[in-house]
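Read through the structure below, which is laid out as structure tokens, and then see the notes.
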Amino acid sequence: MGKTKELSKDVRDKIVDLHTAGMGYKTIGKQLGEKETTVGAIIRKWKKHKMTINRPRSGAPRKISPRGVSMIMRKVRDQPRTTREELVNDLKAAGTTVTKKTISNTLRRNGLKSCSAHKVPLLKKAHVQARLKFANEHLNDSEKAWEKRYFGALPLVTKRLLPSGIWLLTTGTPHGGDEPVTHQ
């Protein structure tokens, strides 16, 4: 069974005091309402390390300080197309040497993801000609005709921020009806 709770420092010190007074594990456990194995573990820790508080967990410390993380998040929030290389150079200028992978991990830990921007392919001659043909055919159309023909069938998406901080997206039609206007 997994760990359920952590005992306070006062309870641990009381267990050690009762043990040094000569009481056994079972008696201490009954008196304080703790399991005998818990009492034994605390006393063994005290005998080995001469302290009852938890020791620091294992693991490497973070390469980027909290201040560096806030600097990264601010820059990405202000300039979303910032590259990882630019962030690495900014941190290097501030005195911290990190890799691009560390930047990616930091962004992911803070709810963002780093991704590569793809280049948009250039239009081919056939596409350019098709666009010109379409534009020439509809050059004299009125604005109403454009709205009715090309935007009438599209659902209108509205975005609104709820008090809970969640964005609500709703769809409707631009003319207010239940069905969108069909193409003619």
Side-chain angles (χ1 to χ4, degrees), residues 1-123 155-171:
M1 191 170 123
K3 189 174 182 180
T4 55
K5 66 175 182 172
E6 205 169 278
L7 297 178
S8 67
K9 176 135 175 51
D10 296 336
V11 173
R12 293 176 195 201
D13 290 341
K14 186 151 183 107
I15 288 171
V16 171
D17 291 342
L18 292 173
H19 177 70
T20 52
M23 294 178 79
Y25 294 179
K26 194 178 278 189
T27 315
I28 296 171
K30 283 184 180 177
Q31 185 174 345
L32 297 176
E34 297 297 334
K35 293 182 181 178
E36 183 181 342
T37 54
T38 305
V39 172
I42 291 170
I43 292 171
R44 280 192 302 279
K45 182 192 280 188
W46 176 74
K47 284 180 177 177
K48 184 175 182 183
H49 302 291
K50 295 297 179 205
M51 61 181 180
T52 57
I53 59 171
N54 285 334
R55 300 180 71 213
R57 304 292 196 267
S58 63
R62 299 260 190 240
K63 293 279 285 185
I64 304 174
S65 67
R67 187 173 178 176
V69 171
S70 63
M71 182 184 82
I72 289 171
M73 296 305 292
R74 188 178 333 107
K75 179 149 186 180
V76 170
R77 188 177 46 241
D78 294 343
Q79 301 169 6
R81 295 186 65 86
T82 305
T83 63
R84 292 181 301 167
E85 189 65 38
E86 290 171 1
L87 294 172
V88 165
N89 291 336
D90 289 348
L91 284 174
K92 189 178 252 182
T96 307
T97 306
V98 293
T99 62
K100 290 181 188 177
K101 183 69 176 168
T102 305
I103 297 289
S104 296
N105 292 341
T106 304
L107 291 173
R108 196 173 310 108
R109 201 176 304 116
N110 287 284
L112 298 175
K113 64 177 186 175
S114 62
C115 54
S116 302
H118 292 286
K119 291 182 179 176
V120 178
L122 298 174
L123 290 177
L156 182 68
V157 178
T158 56
K159 185 167 80 167
R160 148 178 96 114
L161 183 63
L162 297 176
S164 61
I166 297 173
W167 285 99
L168 176 67
L169 297 175
T170 55
T171 58

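Taken to the nearest 0.5 Å, the CZ atom of R62 stands 14.5 Å off from the OG1 atom of T96. Annotation: the span from I103 atom CD1 to T83 atom OG1 amounts to 10.0 Å, rounded to 0.5 Å. The NZ atom of K45 sits 7.5 Å away from atom CE of M51, with the distance rounded to the nearest 0.5 Å. I72 CD1 to T106 OG1: the interatomic distance, rounded to the nearest 0.5 Å, is 5.0 Å.
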- Query: What do the steps show when you test M73 against L112 for side chain to side chain contact (heavy atoms under 4.5 Å, CB included), and what is the final call?
  - Reply: CA-CA 9 Å; M73 296 305 292; L112 298 175; 3.4 Å; yes
- Verdict with reasoning, V98 to K92, per side chain to side chain contact (heavy atoms under 4.5 Å, CB included): CA-CA 8 Å; V98 293; K92 189 178 252 182; over 6 Å; no
- Would L87 and V76 satisfy side chain to side chain contact (heavy atoms under 4.5 Å, CB included), going step by step from the backbone distance to the final call? CA-CA 9 Å; L87 294 172; V76 170; 3.9 Å; yes
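Both tests do not hold together for K48 against W46: distance to the six-membered ring centre under 6.0 Å, angle to the ring axis within 45°.
For the side chain to side chain donor-acceptor pair (under 3.5 Å) condition, the pairs that include at least one residue of residues 13-24, sequence neighbours left out, are K9-D13, D13-T52.
Applying side-chain contact (heavy atoms from CB on, under 4.5 Å) to L32 and the options L7, V39, L18 leaves one that passes, L18. With respect to I15, the side-chain contact (heavy atoms from CB on, under 4.5 Å) criterion is satisfied by exactly one of D10, I28, T38: I28. The one candidate from K75, R74, R84 that meets the salt bridge (charged side-chain N to carboxylate O under 4.0 Å, His left out) condition with D90 is K75.
The shortest heavy-atom contact between R44 and T37 is NH2-O, 4.4 Å.
By the salt bridge (charged side-chain N to carboxylate O under 4.0 Å, His left out) test, K100 is found to be paired with E85, residues two or more places apart in sequence or in another chain being considered.
Side-chain contact between M71 and L91: present, with at least one pair of heavy atoms (C-beta onward) separated by less than 4.5 Å.
Using modelled atom types, no side-chain atom of R12 and backbone atom of I42 make a donor-acceptor pair closer than 3.5 Å.
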